[in-house]
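Step one of this worksheet: look at the structure below.
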There are 2 protein chains.
Amino acid sequence: MKVSIEQADYHAALATSVVIFGFDGESLNVLTATKENPPFEGASILPSAIVSPHRDVHETATSLLKKVTGVDHWYLEQLNAFAKLYRNPDGRVVNIAFYGTVKLDDKLLTQLKRKGYSWVPSNEVPPLAYDHDEILEFAKERLKRRVKRRPIGFSLLPKEFTLKDLQTLYECALGKSFDKRNFRRKIIGTEILIELDKKTKPTSDHKKPAQLYKFDEDKYQKMTLKGYPFVF
Amino acid sequence: MKVSIEQADYHAALATSVVIFGFDGESLNVLTATKENPPFEGASILPSAIVSPHRDVHETATSLLKKVTGVDHWYLEQLNAFAKLYRNPDGRVVNIAFYGTVKLDDKLLTQLKRKGYSWVPSNEVPPLAYDHDEILEFAKERLKRRVKRRPIGFSLLPKEFTLKDLQTLYECALGKSFDKRNFRRKIIGTEILIELDKKTKPTSDHKKPAQLYKFDEDKYQKMTLKGYPFVF
DNA sequence: TCAAAAGTGTTAATCCTACACCCATGC
DNA sequence: GCATGGGTGTAGGATTAACACTTTTGA
């Protein structure tokens, strides 16, 4: 059993990939990229970067996202390390992958188009190069698990939203649908929402105005830390 | 943004550490090691190994455990990668950590003593070198979460055990105590146990014989895959 | 006969699920 | 006035939590 580290042991490259889930009010999307050089030129992949010597992995992922989206403050959680020996044809590359969430607004959508990245509905992502399919699956499972135990939404919904929006989000993330009344009762029961003095403006397609809510930040934080049994 | 990998990017060493939980019928223990060379000579650490070029990380962890314990078939689950830039004074070493569980029998206890490794009650582990305290905390949280959603015990208890044993295990893992009747009803309700035609032999310290059970392997597997809401 | 741990049921409160109709608005 | 989605309550069943006494054995 090896006890000390030799020069020859510094042999691995580090990469990081990010699975970013973005909600647009209708569906959950995932940020994908296109590989622009060999190997796998032209293939879809997850946004990824090589971690340079003396750079932090997490910081590398954040700054990749800054460059791609223009957005700066990302909450990223480590998913796992993907370290199978021959996962990368270039050599031994260990991928430390993260996942995160974002509210999809027009700014985000536009900037991405300019740079060749794109948002794809999370259940229509094409096959990805390397082992990125596996990373994506891992992230989807993680998101599901998270949704069941901790509040989600702060990072996926706009500041003000309707209960319908929130329900749609949960339905997308968990892949099933809920009874409207039960859902509302349960969410209201958590006291995580604050009812605003506003309603949505009725739009052209015949709608009754809907009550707007925002999150109660304090309670949201507490629930994020402690978890709560929001199992559907 | 870097797009292809250069030689200089193969700069990191890979290490792996394992957090092994072992149950001895009374308490949950963790396998610890002693660092026998600088840096941190003499310090307690988690069992760890350097991953050589062309060796798989998981396989490295398994064979480390084989060497330490003599036991071969380990279920190890990846915890996370620990990759902070300066976590190791030797250089850039990324640690891909695993956790696993084992039934502590006499064989295991004896063999370890011979090799300087030892089992320490999980809430009495001394401060560890590197960032191994952090890894250990991470593992304890993971174990808790797992216990709440999936059956545990196959890998921590002997083939035949009493409901008391199982309850003690859950109490150790979750750090709280349960009502005996409610616990039994819930466990029996899962139908994961098979009642044997045996009872424990009363021992010297005045005990009534207790019913022995074993796991129903099929149901156990199904529950391991699907999860179940065993939230206490 | 006593000490020590095994084993056993009930009740009240809570939570979950299923279910159907009226309302406010723009067109 | 009609089409669209917003909004509301209840009842039955299931699950949980709290609670104390009797039994079997070795010493």
Side-chain angles (χ1 to χ4, degrees), chain A residues 24-27 147-149 151 157-158 160-172 174 176-214 223 227-232, chain B residues 24-27 147-149 157-158 160-172 174-214 223 227-232:
Chain A
D24 60 13
E26 305 252 304
S27 68
V147 164
K148 286 184 185 165
R149 313 299 303 177
L157 289 171
E160 304 179 347
F161 51 87
T162 65
L163 289 176
K164 182 72 194 315
D165 293 335
L166 192 57
Q167 183 172 349
T168 305
L169 171 57
Y170 272 86
E171 290 178 338
C172 285
L174 294 173
K176 50 177 160 169
S177 51
F178 301 110
D179 179 89
K180 200 183 358 171
R181 281 167 293 191
N182 294 339
F183 182 86
R184 284 164 184 245
R185 193 172 326 127
K186 202 158 183 176
I187 287 286
I188 299 288
T190 64
E191 298 188 301
I192 205 177
L193 298 183
I194 295 174
E195 194 174 321
L196 298 171
D197 279 337
K198 294 187 190 174
K199 305 208 161 205
T200 52
K201 296 209 194 336
T203 64
S204 54
D205 47 340
H206 320 279
K207 279 175 202 165
K208 173 178 169 180
Q211 178 62 48
L212 285 166
Y213 294 83
K214 64 173 182 175
M223 286 184 174
Y228 69 131
F230 209 136
V231 181
F232 287 102
Chain B
D24 59 13
E26 305 251 302
S27 68
V147 163
K148 287 184 185 166
R149 313 298 305 178
L157 290 171
E160 305 178 346
F161 51 86
T162 64
L163 290 177
K164 181 69 191 315
D165 293 335
L166 193 56
Q167 183 173 346
T168 304
L169 171 57
Y170 272 86
E171 290 178 337
C172 286
L174 294 173
K176 50 178 161 167
S177 50
F178 302 111
D179 178 89
K180 197 174 16 161
R181 281 166 293 188
N182 292 338
F183 182 85
R184 282 162 187 246
R185 194 172 323 126
K186 200 157 184 178
I187 288 285
I188 300 291
T190 64
E191 297 187 304
I192 205 178
L193 298 184
I194 296 175
E195 192 174 324
L196 299 170
D197 279 337
K198 292 189 191 172
K199 305 208 160 203
T200 51
K201 296 209 195 336
T203 64
S204 53
D205 48 338
H206 321 278
K207 278 176 203 163
K208 172 177 171 180
Q211 179 63 48
L212 284 167
Y213 293 84
K214 65 173 182 176
M223 286 186 175
Y228 68 130
F230 209 136
V231 181
F232 288 103

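Computed from a predicted model, the values in this text were never measured in an experiment. In what follows, chains carry the letters A, B, and so on, assigned in the order in which the sequence lines appear, proteins first and then strands, with residues in each chain numbered from 1.
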Q | Heavy-atom donor-acceptor pair, Arg181(A) side-chain to dG7(D) base, under 3.5 Å | A | no
Q.
If you assign each of Tyr213(A) and Lys207(A) to its closest nucleotide in DNA chain D, which residue comes earlier from the 5' end?
A. Lys207(A)
Q | Backbone N/O of Glu195(A) and side chain of Gln211(A): donor-acceptor pair under 3.5 Å | A | no
(Q) I'd like to know if Lys208(B) reaches the base of dT23(D) with its side chain, counting only an N/O donor and acceptor under 3.5 Å. (A) yes
**Q.** Arg184(B) side-chain proximity, nearest of dG7(C), dT25(D), dG6(D)
**A.** dG7(C)
Q. Where the side chain of Ala210(A) is concerned, which of dG9(C), dG26(C), dG7(D) is the nearest nucleotide?
A. dG7(D)
Q.
If only side-chain N and O atoms count, and only distance matters, is there a donor-acceptor pair under 3.5 Å linking Thr168(A) with Asp165(A)?
A. no
**Q.** Any Lys186(A) side-chain nitrogen or oxygen under 4.0 Å from OP1 or OP2 of dC16(C)
**A.** yes
Q | Earlier contact from the 5' end, DNA chain C, for Asp179(A) and Pro209(A) | A | Asp179(A)
Q: Mark yes when over 12 heavy atoms from residues, nucleotides or ligands other than Glu160(A) sit less than 6.0 Å from its CD; otherwise mark no.
A: yes
Q: Would you kindly check whether a donor in the side chain of Arg185(B) faces an acceptor in the base of dT16(D), or vice versa, at under 3.5 angstrom?
A: no
Q: Would you please indicate yes or no on a ring centroid separation below 6.0 angstrom for Tyr170(B) and Phe183(B)?
A: yes
(Q) Between the base of dG7(C) and the side chain of Lys180(B), is there a donor and acceptor pair under 3.5 angstrom? (A) yes
Q | Integer-rounded Å distance: dA24(C) P and Gln211(A) CD | A | 14 Å
